[in-house]
Amino acid sequence: MNVLFVASECAPFVKTGGLADVIGAVPKALAPLGVSVKIMMPAYPAVAKMLSQGTVLQKISDLHGGEARLVEVQAEGLDLLLLDAPHLFDRPGNIYLGPDGNDWSDNHLRFGALSLIASRVAIEGVGGWKPDLVHAHDWQAGLIPAYLHQTKKQTPPCILTIHNVAFQGLFDAGVGSVLGLSDALFTPEGTEYHGRLGFLKAGIAFSDMITTVSPTYARELLLPEYGMGLQGLLQARKANLTGILNGIDLDVWNPANDPALVESYTAATLSKKAANRAEIEKRFALSPNPDAPLFCVISRLTTQKGLDLLIETLPGLVGRGGRLAVLGSGEKWIEASFIGAAHQFRGSVGVIIGYDEALSHLLQGGSDAILVPSRFEPCGLTQLYGLRYGTIPVVARTGGLADTIIDANAAALEAECATGIQFAPVTAAALDSAIDRTCDLFKQPDVWDKIVRRAMSHPVGWDRSASAYLDLYKHVESMPEK
Ligand code: ADP
């Protein structure tokens, strides 16, 4: 089966969040199941250097004001279809934001172009290859089902995966005609979102199936608190909405063989974690305290991630002897609060503002626990990396966090199935008591050790979810044409 993935990022080439990890991992997990995936993505500068090794499959003379090419490149075990359109994608810095920190003003053209060319490949194929179905990811690929819907030609089915409904790609109504979308699609049941045009909304309205990245988030999306205004349409499409849990790439995230660690380790050599912990203490200017856990955060620093709540609970964390290392960037006031906390709690709280892939591995390898206090979390990946590295996840009970961590309550400890700590509601008080529980468990080395080993043996790879995607693909292929 041939599948065309379409996404705006893909690890290890271009990554701003979990979407990239998923796009870089799923095709490898699907390959042994007989699914051949090509990933279409923009040729940003970070990938453009690979263009010269690729094969030009198509030239496009005018794509929203400039020339473009589709270039096929094989790299890192992935088959990439790079949309080389320098006028749209050859820009330094963040792939979504201009130098002023705001969205690029032509993001509708940039990702509209990605969707348009992907829909043409879906219909006509390219370089002798034709997809049996299209798998579009997030708002940047959300117009594909709309383009497929409005053509008179025969089209393959299209699945949309929502990785985070908070990012919807909303633009002025007028962009529809610029992008060649039929006016007839601009209705509340179609692409219109309160007078604006929504890329994600278009995807939800016109795709054959919609998936999201955990079963709990699939249910939450139907509620006003989580649906971000799309809950009505999602309710209407409920029969075609399903949640498939994300996994992680077990080769990239492997504590037994991780070049970013000072010492690699397995469940049988856990004491080697200490060398990584010492390196973290050095890098984050933390004073060692073996009697309390070293917590870490690896995250976008946003209110979605609940990190404002963590700031409120720092006196409690530090008062219990805990240490905290924070790696991230995001909302300026949260960054500033953590920097302030690192001064106030010198030696107990350390902060590095920025994005550093290798350091994120070291934090997983040397910390005792990872904090994920998200207000909502479609799946979350850092808690899965935490399980794999024996770095106990302390998570809010929401979305994929609820689906992947088994809380160390009395019953779960008794039944020997606990893999982390969950808390609800998502408040500073509940987070504080979760941190308290973590510190208590840490003081009981036998109990803690068992949780760590169990966490490390918890299945977090893609096997099960890759099969679920294959089943879904077969189901969609067998659906009657709309
Ligand atoms: P989201 O996609 O909502 O940001 P996820 O937990 O799904 O959250 O994925 C985040 C991914 O980005 C993880 O792979 C995490 O390790 C990585 N990440 C987040 N912030 C940083 C950072 N500052 N440096 C390195 N990696 C980061």
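Only a predicted model underlies this, so the values are computations on that prediction, with no experimental measurement involved. Residue numbers count from 1 along this sequence.
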A.B. asks: Just verifying a value: how many Å separate Y44 OH and R91 CZ, rounded to the nearest 0.5 Å?
C.D. replies: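 Those atoms lie 10.5 Å apart.
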
A.B. asks: Within a strict 4.5 Å, meaning less than it, do heavy atoms of the L80 and M50 side chains meet?
C.D. replies: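 Sidechains of M50 and L80: in contact.
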
A.B. asks: Are the side chains of I248 and D21 in contact, using a 4.5 Å heavy-atom criterion?
C.D. replies: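 No, their side chains stay 4.5 Å or more apart.
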
A.B. asks: Let me see the working for S360 and W253 under side chain to side chain contact (heavy atoms under 4.5 Å, CB included), right down to the final yes or no.
C.D. replies: CA-CA 11 Å; S360 77; W253 296 92; 3.7 Å; yes

A.B. asks: Taking the side chain as everything from C-beta on, heavy atoms only, tell me whether L472 gets closer than 4.5 Å to T242.
C.D. replies: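 Yes, their side chains come closer than 4.5 Å.
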
A.B. asks: Check step by step if side chain to side chain contact (heavy atoms under 4.5 Å, CB included) holds for L109 and L179.
C.D. replies: CA-CA 7 Å; L109 294 179; L179 296 174; 4.0 Å; yes

A.B. asks: Checking D103 side chain against L97 main chain: does a donor-acceptor pair fall under 3.5 Å?
C.D. replies: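 Such a contact is absent between D103 side chain and L97 backbone.
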
A.B. asks: Between T216 and R219, do the side chains contain an N or O donor and an N or O acceptor separated by less than 3.5 Å?
C.D. replies: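 Yes.
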
A.B. asks: Are more than 12 heavy atoms, taken from residues, nucleotides or ligands other than D183, located less than 6.0 Å from that residue's CG atom?
C.D. replies: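 For D183, atom CG is not crowded (no more than 12 foreign heavy atoms under 6.0 Å).
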
A.B. asks: Strictly distance-based, threshold 3.5 Å: is any side-chain N or O of Q74 a donor or acceptor partner for the main-chain N or O of G54?
C.D. replies: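 Between the backbone of G54 and the side chain of Q74 there is no qualifying donor-acceptor contact (under 3.5 Å).
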
A.B. asks: CG of L70 to NZ of K59: how many Å apart, nearest 0.5 Å?
C.D. replies: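 Reported value, rounded in 0.5 Å steps: 12.5 Å.
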
A.B. asks: Using 0.5 Å steps for rounding, measure from the CG atom of L197 to the OG atom of S177.
C.D. replies: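 The CG atom of L197 sits 10.0 Å away from the OG atom of S177.
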
A.B. asks: Which pair of non-hydrogen atoms, one from A260 and one from A358, has the smallest distance, and what is that distance?
C.D. replies: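 In this case the closest contact between A260 and A358 is CB-O, 3.6 Å.
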
A.B. asks: Given the rule in the salt bridge (charged side-chain N to carboxylate O under 4.0 Å, His left out) test, do K130 and E124 qualify, once you have shown the distances and angles that lead to the verdict?
C.D. replies: CA-CA 7 Å; K130 221 172 161 188; E124 290 152 20; over 6 Å; no

A.B. asks: What heavy-atom pair brings L245 and P215 nearest, and what distance separates the two atoms?
C.D. replies: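 Smallest heavy-atom distance, with atoms named: CD1-CD, 4.1 Å.
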
A.B. asks: Nearest 0.5 Å, please: how far is CG in L381 from OG in S299?
C.D. replies: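 These two atoms lie 11.0 Å from each other.
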
A.B. asks: Measuring from E9:CD to I39:CD1, what's the distance to the nearest 0.5 Å?
C.D. replies: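 Output value for this atom pair is 12.5 Å.
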
A.B. asks: Give a yes-or-no answer on whether the side chains of Q383 and T404 include a donor-acceptor pair shorter than 3.5 Å.
C.D. replies: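 Yes, T404 and Q383 have a side-chain donor paired with an acceptor closer than 3.5 Å.
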
A.B. asks: Which atom names give the shortest non-hydrogen contact between L309 and A428, and what distance separates them?
C.D. replies: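 It is CD2-N, 3.9 Å.
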
A.B. asks: With no hydrogens and no angle check, do the side chains of E377 and N164 hold a donor and an acceptor under 3.5 Å apart?
C.D. replies: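 No.
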
A.B. asks: If I compare all heavy atoms of A118 with all of L4, which pair ends up nearest, and what's the gap?
C.D. replies: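 For A118 and L4, the tightest heavy-atom pair comes out as O-CD2, 3.8 Å.
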
A.B. asks: Check for a donor-acceptor pair, side chain of T212 on one end and backbone N or O of I162 on the other, with a separation under 3.5 Å.
C.D. replies: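 Yes.
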
A.B. asks: Please check if the side chain of S367 supplies one atom and the backbone of A369 the other of a donor-acceptor pair under 3.5 Å.
C.D. replies: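 The answer is no, because no donor-acceptor pair under 3.5 Å joins these two groups.
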
A.B. asks: Per the side-chain contact (heavy atoms from CB on, under 4.5 Å) rule, which among L133, D208, V6 passes with C158?
C.D. replies: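 It is D208; the other options fail the test.
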
A.B. asks: Return yes if some donor-acceptor pair links the side-chain N/O of D407 with the main-chain N/O of Q422 below 3.5 Å, else return no.
C.D. replies: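 Side chain of D407 to backbone of Q422: a pair is present.
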
A.B. asks: Less than 4.5 Å apart, any side-chain heavy atom of M456 and any of L387?
C.D. replies: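 SC-SC contact between M456 and L387 ruled out.
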
A.B. asks: May I have the step-by-step check of side chain to side chain contact (heavy atoms under 4.5 Å, CB included) for L233 and E189, ending in yes or no?
C.D. replies: CA-CA 7 Å; L233 179 61; E189 296 72 39; 5.6 Å; no

A.B. asks: Pair E477, K474 - check salt bridge (charged side-chain N to carboxylate O under 4.0 Å, His left out), show working.
C.D. replies: CA-CA 5 Å; E477 276 202 309; K474 288 181 181 160; over 6 Å; no

A.B. asks: Side chains of I117 and I60: closer than 4.5 Å at any heavy-atom pair?
C.D. replies: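 They are in contact (side-chain heavy atoms under 4.5 Å apart), so the answer is yes.
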
A.B. asks: Identify each donor-acceptor pair in which a side-chain atom of residues 198-206 lies under 3.5 Å from a protein atom, sequence neighbours left out, and give them as a table.
C.D. replies:
from, atom 1, to, atom 2, distance (Å)
K201, NZ, P188, O, 2.5
K201, NZ, E192, O, 2.4

A.B. asks: Are the side chain of S115 and the backbone N or O of F111 linked by a donor-acceptor pair below 3.5 Å?
C.D. replies: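 A pair under 3.5 Å: yes.
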
A.B. asks: Would you say that Y355 contacts K15 through its side chain, given a criterion of any heavy-atom pair below 4.5 Å between the two side chains?
C.D. replies: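 Yes; the side chains approach each other to less than 4.5 Å.
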
A.B. asks: If you draw a 6.0 Å radius around CD in E67, do more than 12 non-hydrogen atoms from other residues or ligands fall strictly inside?
C.D. replies: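 Counting neighbours around CD of E67, 12 or fewer heavy atoms of other residues, nucleotides or ligands fall under 6.0 Å, so no.
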
A.B. asks: Does W129 have K38 sitting over its ring (NZ/CZ under 6.0 Å from centre, angle to axis within 45°)?
C.D. replies: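 Relative to the ring axis of W129, which defines the angle, K38 lies inside both limits.
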
A.B. asks: Testing the basics here: between L30 and A466, what is the closest heavy-atom pair and its distance to 0.1 Å?
C.D. replies: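 Nearest heavy atoms, L30 then A466: CD2-O, 3.5 Å.
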
A.B. asks: Is there a side-chain contact between L148 and P145, using heavy atoms and a 4.5 Å cut-off?
C.D. replies: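 SC-SC contact between L148 and P145 ruled out.
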
A.B. asks: Under the criterion ring-ring contact (aromatic ring centres under 6.0 Å, His included), which of Y193, F186, W139 is the partner of F171?
C.D. replies: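 Testing each of Y193, F186, W139 against F171, the sole residue satisfying ring-ring contact (aromatic ring centres under 6.0 Å, His included) is W139.
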
A.B. asks: Consider only side-chain N and O atoms of Y389 and D258, and report whether a donor and an acceptor are under 3.5 Å apart.
C.D. replies: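 A pair is found: one side chain offers a donor N or O, the other an acceptor, under 3.5 Å apart.
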
A.B. asks: Is it true that a side-chain atom of R110 and a backbone atom of I95 form a donor plus acceptor pair closer than 3.5 Å?
C.D. replies: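 Yes, the answer is positive, given that a donor and an acceptor are paired below the 3.5 Å cut-off.
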
A.B. asks: Tell me yes or no: between the side chains of T398 and E220, is some donor less than 3.5 Å from an acceptor?
C.D. replies: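 There is such a pair between these side chains.
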
A.B. asks: Can you give me the closest heavy-atom contact between M228 and A166, atom names plus distance?
C.D. replies: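 Looking at all heavy atoms of both residues, the shortest contact is CE-CB, 4.0 Å.
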
A.B. asks: Determine whether V3 and V134 satisfy the following criterion, side chain to side chain contact (heavy atoms under 4.5 Å, CB included), listing intermediate values before the conclusion.
C.D. replies: CA-CA 6 Å; V3 176; V134 183; over 6 Å; no

A.B. asks: If we only count heavy atoms from C-beta on, is the S374 to V426 side-chain gap below 4.5 Å?
C.D. replies: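 Of all side-chain heavy-atom pairs linking V426 with S374, none is under 4.5 Å.
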
A.B. asks: Taking the side chain from Q150 and the backbone from L185, do they hold a donor-acceptor pair closer than 3.5 Å?
C.D. replies: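 A pair under 3.5 Å: no.
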
A.B. asks: Any sub-3.5 Å donor-acceptor pair from S465's side-chain atoms to N246's backbone N or O?
C.D. replies: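 Checked: no pair found.
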
A.B. asks: Could you tell me if H163 and D138 have a donor-acceptor pair between their side chains, going purely by distance under 3.5 Å?
C.D. replies: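 No, no side-chain donor-acceptor pair sits under 3.5 Å.
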
A.B. asks: Under 3.5 Å, is there a donor-acceptor pair between the T155 and Y147 side chains?
C.D. replies: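 No pair is found: no donor N or O on one side chain lies under 3.5 Å from an acceptor on the other.
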
A.B. asks: Determine, stepwise, if the pair Y469 / H135 fulfils side-chain hydrogen bond (donor to acceptor under 3.5 Å, both in side chains).
C.D. replies: CA-CA 10 Å; Y469 277 120; H135 192 159; 5.0 Å; no

A.B. asks: Would you find a donor on one side and an acceptor on the other, under 3.5 Å apart, between the side chain of R375 and the backbone of T303?
C.D. replies: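 Yes; judged by distance alone, with no hydrogens or angles, the pair exists.
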
A.B. asks: Roughly how far, to the nearest 0.5 Å, is CG of D249 from NZ of K28?
C.D. replies: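 Nearest 0.5 Å value for the NZ-CG distance: 4.5 Å.
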
